[in-house]
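Because only heavy atoms are used, hydrogens play no part in the values below, and waters and symmetry mates are left out as well, while side chains stay in. In what follows, every chain begins at residue 1, and chains take the letters A, B, ... in the order their sequences are listed.
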Number of protein chains: 2
Amino acid sequence: MQNTAKLFKALSEDVRLRILGLLLQGELCVCDLMAVLDLPQSTISRHLSYLANAGWLAGERRGVWMYYRLRDQGGNLQQDLLAVLGKHLRELPAVAQDHARLEQYLKIKKPSACG
Amino acid sequence: MQNTAKLFKALSEDVRLRILGLLLQGELCVCDLMAVLDLPQSTISRHLSYLANAGWLAGERRGVWMYYRLRDQGGNLQQDLLAVLGKHLRELPAVAQDHARLEQYLKIKKPSACG
DNA sequence: ACTGTATATCCGCATAGGCGGATATGTGTC
DNA sequence: GACACATATCCGCCTATGCGGATATACAGT
């Protein structure tokens, strides 16, 4: 029960919804998210920890970089919620804008950077 | 965006999930919820306000009693979320237990009471 | 081992929001 | 309009958690 509430609580904040929105496109590392969301590193990292702890994200270290991606494991409820997010999150203006910024960023991003 | 976060925030608390779980069965008044959830009236009322304010519930006054029911209006996201809740909430032990208590309560409930 | 970069955690501060008793408001009855 | 009852709101208290700069930690390269 508390886990279920925790699952929803993780979705109850703008920055976290934007992060999930971006990760719908595929895995990203912290520095990517910093660039696209234009928020301090500590803020990004805190929200990523929160999402991972709630069971929404899996993190993987590759050298110096931490990559995060959506977890598609999890209970039935979580799976269905993820499907709903995948269906509707992009419709939110803020998320659509983030996607545009991500695309732009990926073009400019130097190969020397993470990934 | 903030509305979306608000929608999830309303689902991020045990008591509110239990209330929604009970309302899956149909509308109930505050006194019903007090009896089944065994919580103080102020607590129930506060959570009901929260849920209504977030767009999850509609309240209707009938004489002295306030009846609350799930709103099936709302955006696409909300509709799909409601479907997910309807599908999975009953699986939660606490919610199943509440349903059992509701059934029991409805048998005992005096016709003189609300409804 | 030293340095630089990436990430996580710590810190102090501010706000949101949980709790439940007390009080205010609304409504029907006499 | 006085009362009883149902519900909403207020209150003080306490915890969770948001923020972002500062600091600690992890890793790669020399």
Residue closer to the 5' end of DNA chain D, B/Ser45 versus A/Arg16 (nearest nucleotide): B/Ser45
Could you please name the option among D/dA8, C/dT7, D/dA6 that lies closest to any side-chain atom of B/Val64? D/dA6
Shortest non-hydrogen separation from B/Asp80 to A/Lys87 and the atoms involved: OD2-NZ, 2.9 Å
Side-chain donor-acceptor pair under 3.5 Å between A/Asn53 and A/Lys6, yes or no? yes
Measure CE/B/Met34 against C1'/D/dA8 and give the value in whole Å, please. 13 Å
Result for 5'-nearest mapping on DNA chain D, choosing between A/Ser42 and A/Arg61, is A/Ser42
Can you tell me the distance, in whole Å, between the OH atom of B/Tyr68 and the C1' atom of D/dT7? 8 Å
Check whether NZ of the Lys or CZ of the Arg A/Arg61 lies under 6.0 Å from the centre of the six-membered ring of A/Tyr67 and within 45 degrees of that ring's axis. no
Report yes if a side-chain nitrogen or oxygen of B/His47 is closer than 4.0 Å to either non-bridging phosphate oxygen (OP1 or OP2) of C/dG17; otherwise report no. no
Using atom CZ of B/Arg62 as one end and atom C1' of D/dT7 as the other, report the distance to the nearest whole Å. 15 Å
Provide, to the nearest angstrom, the distance between the CZ atom belonging to A/Arg46 and the P atom belonging to C/dG12. 16 Å
In whole angstrom, what separates B/Leu48's CG from C/dC19's P? 12 Å
Nearest whole angstrom, please: distance from the P of D/dT9 to the CD1 of B/Ile44. 15 Å
OP1 or OP2 of C/dG18 sitting under 4.0 Å from any side-chain N/O of B/Thr43? no
Gap between atoms CH2 and P, on A/Trp65 and C/dT7 respectively (whole Å): 8 Å
Just call it for A/Lys9: base, sugar-phosphate, or nothing, with non-hydrogen atoms closer than 4.0 Å on any strand. sugar-phosphate
Which part of the nucleic acid, if any, lies within contact of B/Val30, taking any heavy atom under 4.0 Å across all strands shown: a base, the sugar-phosphate backbone alone, or nothing? sugar-phosphate
Distance, rounded to the nearest Å, where A/Asn53 contributes CG and D/dT17 contributes P: 10 Å
Among C/dT7, D/dC19, C/dG20, the one nearest any side-chain atom of A/Cys31 is C/dT7
Please check: side-chain N/O of B/Arg101 versus main-chain N/O of B/Val36, any donor-acceptor pairing under 3.5 Å? yes
Options D/dC19, C/dT27, C/dT7, nucleotide nearest the side-chain atoms of A/Cys29: C/dT7
Classify the side chain of A/Gln41 versus the base of C/dA8 as yes if they form a donor-acceptor pair under 3.5 Å and no if they do not. yes
Is the closest side-chain donor-acceptor distance between A/Gln97 and A/Arg18 under 3.5 Å? no
